[in-house]
Amino acid sequence: AAVFEGRPPAAADGLPPPPRLATGFSGGAFGWADADGAPLELRCGLTLRNRLCKAATSEHLGTPRTNDATPRLVRLYERWGAGGFGLIITGNVMVCRCALEAPRNVVVDAATDGAAVAAWAAAARRRGAVAIAQLSHPGRQSPVAASWRRPRSCSSRSFRLGGVGPQLHRTPVTMTTQEVDDLIKAFGRAARIAVRSGFDGVQVHAAHGYLLSQFLGASNDRNDAYGSRTRVLVDVCRACRAAIGPDQILSVKVNASDFDGAHDDAARLRTVLEILDDDPLVRLDLAEVSGLSLIHISEPTRRYAISYAV
């Protein structure tokens, strides 16, 4: 992620011009400045028309029963698509319908309404933006209101959100090796469907305390092959690249800090990104570094995240 600079575009037909945003870190959005945005060619061969990115948000605009994209979601991305962004990243697409971050997340799997996903992708790309789908699994951060079964995670370490009672998040079940294998396949399957439906690629969400972030952090005390903290993320990224091919965008989102005091955050972040960048089966195009965690965010961490993002 970076602070991209560019001038607000002229109003699109029938739509007001986008708001002028403040330049700088805001936990998920970066803003306009007065300089023209330069195009950016990515490793996969695609070129962003400028360096302004609509970062991911969790819209909760899927259908309540089938978790498909809705006309409201399509209209929202039509507006964002008219905003002059070089890159649009969708919010929180779930790869498993038995593990949701919120009740109305969109899920992309074998049961997904492909026409609805295609309409969503077309809306985001209609005015010339490149659009990628953010793929995610919440792990232990799947609340009671969103998922019927107990959440799965890399271990049974519980999660508690400050100021919220324990009833919101249940103690997770440790994933079996087979479940981890199935998770990796689920990310690859979702990536394939997203690209076939019209998206220009995918972003793998490994930040904000979600499942892939749990594997990267101190919660991962496994004694099998997936006890190697970068193993699952690397395998997920490899599966996504194999699914989408060499000519589509593969991005990853990671935290600047795990907030657990167990790591040298700078060294950990550098190691994760270098492993992904050097892997010939991953061929990473973009990395987004976030300073946000569902558990904790502080002003020193906010400043710390900026130093890595810029």
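What you see below is based on every heavy atom in this structure, not just the backbone, and it leaves out hydrogens, waters and symmetry mates. Quick note: residue numbers are just sequence positions, from 1.
- No donor-acceptor distance shorter than 3.5 angstrom exists from the side chain of Q248 to the backbone of R241, with no hydrogens or angles considered.
- When all heavy atoms are compared, the tightest approach of A190 to V108 is CB-O, 3.5 Å.
- A donor-acceptor distance shorter than 3.5 angstrom exists from the side chain of D68 to the backbone of D113, with no hydrogens or angles considered.
- Distance CZ/R231 to CG/D224: 8.5 Å, rounded to 0.5 Å.
- Across I89 and C53, no two heavy atoms sit closer than the pair CD1-SG, 3.7 Å.
- R157 contributes a side-chain N or O that, together with a main-chain N or O of A218, makes up a donor-acceptor pair within less than 3.5 Å.
- Taking a 6.0 Å sphere around CZ of R72, one finds it holds 12 or fewer heavy atoms contributed by other residues, nucleotides or ligands.
- Panel note: side chain S147, backbone L100; a donor-acceptor pair is recorded below 3.5 Å.
- Looking at heavy atoms from C-beta onward, L76 lies in side-chain contact with E59 at the 4.5 angstrom threshold.
- Note: D279 CG to L284 CG = 10.0 Å, rounded to the nearest 0.5 Å.
- At distances below 3.5 Å, not a single donor-acceptor pair connects side-chain atoms of H60 with backbone N or O atoms of G62.
- In this model, no donor atom of one side chain and acceptor atom of the other lie less than 3.5 Å apart for E101 and S136.
- Side-chain contact between R229 and V232 is absent, with no heavy atoms from C-beta onward closer than 4.5 Å.
- Summarising the geometry, atom CD1 belonging to I244 is positioned 8.0 Å from atom SG belonging to C44; distances are rounded to the nearest 0.5 Å.
- In this structure, the separation between CG on L87 and CG on D200 is 8.5 Å, given to the nearest 0.5 Å.
- For the pair C237 and L276, the minimum side-chain heavy-atom distance is below 4.5 Å.
- In this structure, the side chain of Q214 engages the main chain of G209 through a donor-acceptor pair within 3.5 Å.
- Between N105 and S58 there is a side-chain heavy-atom pair separated by less than 4.5 Å.
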**Report entry** Derivation of the side-chain contact (heavy atoms from CB on, under 4.5 Å) call for H205 and N92
**Finding:** CA-CA 8 Å; H205 197 339; N92 242 4; 3.7 Å; yes
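- F199 and V107 are members of different hydrophobic clusters when ILVMFWY side chains are connected at heavy-atom separations under 4.5 Å.
- Residues W120 and Y77 bring their aromatic ring centres within 6.0 Å.
- At distances below 3.5 Å, at least one donor-acceptor pair connects side-chain atoms of N220 with backbone N or O atoms of F215.
- When each of H208, R152, M94 is tested with P138 by the rule side-chain contact (heavy atoms from CB on, under 4.5 Å), just one qualifies, namely M94.
- With rounding to the nearest 0.5 angstrom, the CZ atom of R283 is 6.0 Å from the CZ atom of R43.
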Report task. Could you walk me through whether L61 and T70 pass the side-chain contact (heavy atoms from CB on, under 4.5 Å) test, one step at a time? Result -> CA-CA 7 Å; L61 290 176; T70 61; 4.2 Å; yes
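- Two residues are said to be in side-chain contact when any heavy atoms from C-beta on lie closer than 4.5 Å; I184 and V236 meet this criterion.
- At a threshold of 4.5 Å between side-chain heavy atoms, the hydrophobic network of Ile, Leu, Val, Met, Phe, Trp and Tyr places L269 and V234 in one connected group.
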Query raised in the report: Does the pair H137 and L183 meet the rule for a side-chain contact (heavy atoms from CB on, under 4.5 Å), with working shown?
Result: CA-CA 9 Å; H137 188 299; L183 169 75; 3.7 Å; yes
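- Taking all atoms of both residues into account, the shortest heavy-atom contact from V130 to I249 is CG1-CD1, 3.4 Å.
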Report task. Kindly determine whether N255 and Y210 satisfy side chain to side chain donor-acceptor pair (under 3.5 Å), including the steps that lead there. Result -> CA-CA 11 Å; N255 274 351; Y210 293 140; over 6 Å; no
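- Remark: side-chain polar atoms of R222 are paired, donor with acceptor, to backbone N or O of C154 under 3.5 angstrom.
- No donor-acceptor contact under 3.5 angstrom links the side chains of Q178 and T176, judged on distance only.
- In this structure the side chain of W80 never reaches within 4.5 angstrom of the side chain of T90, judged on heavy atoms.
- Between A256 and V289, the closest heavy-atom pair is CB-CG1, 3.8 Å.
- Under 3.5 Å, the side chains of R140 and S219 contain a donor-acceptor pair of N or O atoms.
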**Report entry** CA sep, side-chain torsions, deciding dist, call: L233, V252, side-chain contact (heavy atoms from CB on, under 4.5 Å)
**Finding:** CA-CA 9 Å; L233 178 57; V252 67; 4.0 Å; yes
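- Heavy-atom minimum distance, G81 versus R127: O-CB, 3.1 Å.
- Using a distance-only test at 3.5 Å, with no hydrogens or angles considered, no donor-acceptor pair links the side chain of D285 to the main chain of S251.
- Looking at D181 and T177, their side chains come closer than 4.5 Å, going by heavy atoms from C-beta outward.
- Each of Y226 and V173 belongs to its own hydrophobic cluster when Ile, Leu, Val, Met, Phe, Trp and Tyr are linked at side-chain heavy-atom distances under 4.5 angstrom.
- Here the side chains of L216 and R268 are in contact, with some heavy-atom distance below 4.5 Å.
- Here the closest non-hydrogen pair linking P103 and A145 is CG-O, 3.5 Å.
- At distances below 3.5 Å, not a single donor-acceptor pair connects side-chain atoms of D235 with backbone N or O atoms of T230.
- Atom CZ of R149 sits in a crowded spot, with more than 12 heavy atoms from other residues, nucleotides or ligands closer than 6.0 Å.
- A salt bridge does not link D109 with R189: none of the charged nitrogens is closer than 4.0 Å to a carboxylate oxygen.
- One finds the CG atom of L42 at 4.5 Å from the CG atom of L48 (value rounded to the nearest 0.5 Å).
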